[in-house]
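If you're wondering where the values come from, they're calculated on a predicted model, not measured in any experiment.
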Amino acid sequence: MTYKGRKRLSLLILVVGVPAYVMLAVTVMSTAPRFQLVVEFFLYVALGIGWVFPLKWVFKGIGQPDPDEGA
């Protein structure tokens with residue numbers, strides 16, 4: 001995938017995907033039975049960073065200059 005394509009995809013993920021994921025995570029956690037406070041804390045932490053690892057390839061190098069442009 002080109003740099004420009006990854007940049008557009010990352011913007012789409014941040015604007016649409018992350019809010020949708022947050023709504024899904026909150027819905028799942030609100031319908032689940034109450035856990036102990038420590039367990040619930042670690043579930044929220046896992047849900048909070050869990051979306052990053054599958055999408056790491058999209059965001060890697062986005063803040064750098066376009067490598068496809070010459071000099």
Taking a hydrophobic cluster as the set of Ile, Leu, Val, Met, Phe, Trp and Tyr residues connected by side-chain heavy atoms closer than 4.5 Å, whether directly or through intermediates, do [X] and [Y] fall within one such cluster?
{"X": "Leu43", "Y": "Leu37", "value": "no"}
{"X": "Phe41", "Y": "Phe35", "value": "no"}
{"X": "Met23", "Y": "Tyr21", "value": "no"}
{"X": "Leu47", "Y": "Ile49", "value": "no"}
{"X": "Phe53", "Y": "Val22", "value": "no"}

Please indicate whether Phe42 has more than 12 foreign heavy atoms, meaning atoms of other residues, nucleotides or ligands, lying under 6.0 Å from its CZ. no
Roughly how far, to the nearest 0.5 Å, is CZ of Phe59 from CG of Leu14? 4.0 Å
Listed partners of Tyr44 passing side-chain contact (heavy atoms from CB on, under 4.5 Å), at least two apart: Met29, Glu40
Taking only residues two or more places apart in sequence or in another chain, which ones pass side-chain contact (heavy atoms from CB on, under 4.5 Å) with Val28? Leu24
Which atom of Tyr3 lies closest to which atom of Ile62, heavy atoms considered: OH-O, 2.6 Å
